[in-house]
Every structure is written in structure tokens, then in C-alpha cells.
Amino acid sequence: MPNKQHFETLAIHAGQEFDPTTGAIIPPIYQTSTFVQNGIGNFRGGYEYARGGNPTRTSLETLVAALEGGAHGFSFASGLAAEDALLRAILEPGDHVVLGNDVYGGTHRLINKIHSRSGIENDTVEMMDLNAVQKAVVKGKTKVLWLETPSNPLMKISDVGELAEIGHAAGAIVVVDNTFASPYLQKPLALGADVVVHSTTKYLGGHSDVLGGALVMNDAELADKVGFQQFAAGAVSGPMDAWLTVRGIKTLAVRMDRHSANAQAIAEHLVGHPAIERIYYPGLESHPGHELAKKQMSGFGGMISLGIRAGAKAARKFAESTKVFQLAESLGGVESLMGYPSEMTHASVRGTALEVPDNIIRLSVGIENVDDLIDDLDRALPKR
Ligand SMILES: *Cc1c(COP(=O)(O)O)cnc(C)c1O
């Protein structure tokens, strides 16, 4: 049954009924591995053993599905665990995957280094170039078209609706990694995709204190296969992790508004800075994906990449000189982080088509006071 409530309300209430036993407003953390049976095979509330299901995990899965507007949600121990379960649910030896040429490095590594051993073939392609995608998919052989928009770290925007049509015409399942936008800013299923992937470690969790991944889809047959992978391979989220993620999601809407506002202000402040060769932020009118982002997103998000004019050495020095922005992997938390993709998040794709230029710095703009963030960047940037 479609839920008519608005996003902000769903984020707080979907899957979060109060505890019927005590009235506790917050559903308890079911820190248990197994469930007592009334008689053999007669389960209380449907739960048997926690790899197969745990109420705290169910509350997260219900919540994420509601936010993405999908029928089936699954949560996992990490984003990559979610991706792995999805790929194994879909692919057979000899199948082909087409993925964007700047997807998350770990996604490429998972397909190219691990699934390739089971006879899965892959090609990377520029997802902004629809003709190139058309050429890359092989009808009947390409089973997955995998895209990420905005992409990581170059913030490319690709057209989910158009790509879904190309993927479907070839018989592929169209997967969108929605980690950068979050469901608050973009709903890939409504745009035509079949599956949404999240690293809930990032914006959904939002506080840099828990790892997790999620999948949302509408197709019941695919959901059965994914559910089987989740149960049979077992990379599930534990109850504490699921609970922390739910807790984070409740503030997603207000956090994303502030992340987007801060990032927009920073990007606009840095326009024309002599130390910066290029700003990659879809909220700038000069960004090649600006119009498309306006069409398929309801905000531009908190991720910015910067090309440092003086090159790799200056970029590294900049990354090591800020005080508020902390140098760390990951993104999407309330605190601002800075990364050097070519040696951090994207080290695994050096020497491949997905290699990131070595003068690129990636900012995950947090929700601190924006004047402090701008001041921090101005002090650390190479002098004018
Ligand atoms: C971090 C990330 C992943 C992987 O998620 P983990 O939770 O680290 O396993 C996948 N996609 C994107 C876009 C990410 O940023």
C-alpha cells in the first residue's frame, strides 16, 4: 500500500512503532541471536534465527524501503556487502556488467577482481554519453547496468531515466548507487531504475559511527533472490548497527538541507579562486550536469571536488593543512572531511580507466557553521 506521508515524517516513523509491551517510544534493540519457538516451527512474530531476521533489522529495512519508495528493503553489514549480495542474486557465469567509469572504486574492484573469478565480464563506460552506453550494452548478455549519480569523486550527473531505458531494452537490471544524493534528494526507482544501492555508512547513518549497506527494489522475484543471498551468505547488519542507522536517518532531511546549503556557499565562494583550476559541484550553473541535476534531484548535496591548479604536491599540502576539515576516508557525516581520492578512496583503481587525476581533492561538507568551513579552506589553500 503506497504511503502518502511526506519524506520527513516517514524518516521518523516508518517501521518505528512503539514497543507494545512497555510503550517505549523507541523500539528496543533486539540484541539477540535466536528466538524461542512456541512449538517446533511455530515462531513467535515470525522470527527464528537472527541471520534470517531480527526485528531491529526489519525496522531499518522497512524505513529505507519507505524512503526510497520501494516495496522491498534489505540491510547489510556494509555497502559492499549489499552490492555483493545483489550481484550474486542476479548474475550467472558468462554474464556481463556495464558500469560507470567513475563509480566508487570498491564497486569496480568487487566486480573486476572478485566476480570476474566466477566468469562475470565487465566494461566501464562514460554514463553521460548515452551513445557510448548504447554501444557498451550487449542485448541478452548484459544483465546489470550500474550507475552512480552524482558520481564519485568527479560529481558527474547522468540521466537515470534515459539510462534505464537503454538498460531495459538490452534486458539488464538497472542499478543506481544513491549514496551521494540520499533518497531525500533523489529517488532512482521513481526515475526508472530497478534497484537502489546505499552505503548507509554515509549520509543515511550520517554520524560516522556505523558501517552498513542497503538495497531497495520493487520486483518481488528479485527480492526473493536477494533475500536468499542475505540469509544464505549472511552479511547482515547486527542489531546495534541497524539501530544506530535508524537513529541517524531520522534527521536525514534537516541534515541534507544543511549539507547542501553549506556546500553551495563554499562552491560559490571558491569560484574564481586562483589556486583552483576547476570546481566540481552540480549546484554551480557552470557545472555541465547542472540542468539535469535540477531535473532529477531536489538539491545538490554536500559533496564537492576541487582540482588544484598547482598540481599533486599542492593538492596534498592543502589536504594536510585544514583544521576543521579532517583528512579521512568516507563522507556523509555531520563533520566535514577531506580526502585525496587518487591515494585514498580510489587507490584501488589506479592504472585503470577509473583512475582519478592526482590534483583532485574531495570535500564532504559537514553541517558546521559555514563561515568556519570557508575560513578553514581559505587558510589552507595555496596563497593567491
Ligand atoms: C562508501 C561507498 C560504498 C561502499 O560502502 P561501504 O559501506 O564502505 O562498504 C559504495 N558506494 C559509494 C558511492 C560509497 O561512497
Side-chain angles (χ1 to χ4, degrees), residues 60 64 68 74-88 97 99-115 124 127 144 146-158 160 175-186 188 193 195-216 230 233-238 241-242 244-245 248-249 252 256 259 263 280 282 297 301-305 328-333 337-342 344-349 354 356 360 362-366:
L60 170 59
V64 176
E68 285 290 357
F74 298 90
S75 91
F76 293 86
S78 69
L80 281 174
E83 296 184 11
D84 183 48
L86 176 65
L87 292 166
R88 279 194 277 162
V97 178
L99 64 162
N101 65 3
D102 70 343
V103 296
Y104 179 70
T107 301
H108 181 256
R109 179 178 55 204
L110 174 66
I111 294 169
N112 200 47
K113 290 257 190 327
I114 298 184
H115 286 269
T124 56
M127 287 288 170
V144 172
W146 188 291
L147 57 131
E148 201 178 309
T149 178
S151 73
N152 179 13
L154 296 179
M155 306 301 295
K156 292 181 199 165
I157 306 294
S158 45
V160 177
V175 180
V176 175
D177 183 334
N178 204 26
T179 299
F180 267 38
S182 90
Y184 180 62
L185 299 181
Q186 175 171 274
V195 183
V196 177
V197 172
H198 277 286
S199 169
T200 58
T201 312
K202 317 294 169 51
Y203 286 108
L204 292 180
H207 295 72
S208 306
D209 53 9
V210 61
L211 279 178
L215 302 174
V216 180
Q230 185 192 42
V236 297
S237 30
D241 289 359
L244 277 169
T245 306
I249 288 173
L252 180 66
M256 290 314 295
H259 283 296
Y280 302 82
M297 301 173 74
M303 299 301 296
I304 303 177
S305 288
E329 302 264 357
S330 201
L331 62 108
L337 298 181
M338 184 175 293
Y340 184 54
S342 70
M344 293 169 66
T345 45
H346 289 64
S348 69
V349 293
L354 284 77
V356 177
I360 297 286
R362 191 186 76 180
L363 307 180
S364 172
V365 177

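First listed ligand is number 1; within each ligand, the first listed atom is number 1. We use all heavy atoms of the structure for the numbers below, so side chains are in, but hydrogens, waters and symmetry mates are not.
- Proximity of Ile111 to Leu99: side-chain heavy atoms (C-beta onward) are separated by under 4.5 Å at one or more points.
- Proximity of a side-chain donor or acceptor of Thr179 to a complementary backbone N or O of Ser199 within less than 3.5 Å is detected.
- Side-chain atoms of His259 come within 3.5 Å of backbone N or O of Val365 as a donor-acceptor pair.
- Remark: ligand 1 and Thr107 share no N or O pair separated by less than 3.5 Å (distance only, no angle test).
- Ranking protein heavy atoms by distance to atom 14 (C) of ligand 1, first place goes to Lys202 NZ, 3.0 Å.
- Checked by atom type and distance alone, the side chain of His198 never pairs as donor or acceptor with a backbone atom of Val196 at under 3.5 Å.
- Seen from the ring of Tyr104, Lys202 counts as a face-on cation partner, given the 6.0 Å and 45° thresholds.
- Of the polar atoms of Gly79, at least one N or O is found under 3.5 Å from an N or O of ligand 1, judged by distance alone.
- Glu83 counts as a contact of ligand 1, since one of its heavy atoms falls under 4.0 Å from the ligand.
- Nearest protein neighbour of atom 12 (C) of ligand 1, counting heavy atoms only, is Asp177 OD2, 3.4 Å.
- Contact atoms of ligand 1 toward Gly212: 7 (O) (distance under 4.0 Å to a heavy atom of the residue).
- Side-chain N or O atoms of Gln230 include one that pairs as donor or acceptor with a backbone N or O of Ser75 at under 3.5 Å.
- Remark: side-chain polar atoms of Ser364 are paired, donor with acceptor, to backbone N or O of Gly332 under 3.5 angstrom.
- Taking a cut-off of under 4.0 Å to the non-hydrogen atoms of Leu80, the atoms of ligand 1 that pass are 5 (O), 6 (P), 9 (O).
- Nearest non-hydrogen protein atom to atom 4 (C) of ligand 1 is Tyr104 CE2, 3.4 Å.
- For ligand 1, the atoms closer than 4.0 angstrom to any heavy atom of Glu148 are 13 (C).
- Proximity to Ser199 (heavy-atom distance under 4.0 Å) selects the following atoms of ligand 1: 1 (C), 2 (C), 3 (C), 4 (C), 5 (O), 6 (P), 7 (O).
- Shown in contact with Thr201 at under 4.0 Å from a heavy atom are these atoms of ligand 1, numbered in order with element: 7 (O).
- With Asn178 contributing its side chain and Gln186 its backbone, the two residues share a donor-acceptor pair below 3.5 Å.
- Every atom of ligand 1 is numbered from 1 in the order shown, and the set under 4.0 Å from a heavy atom of Leu331 is 15 (O).
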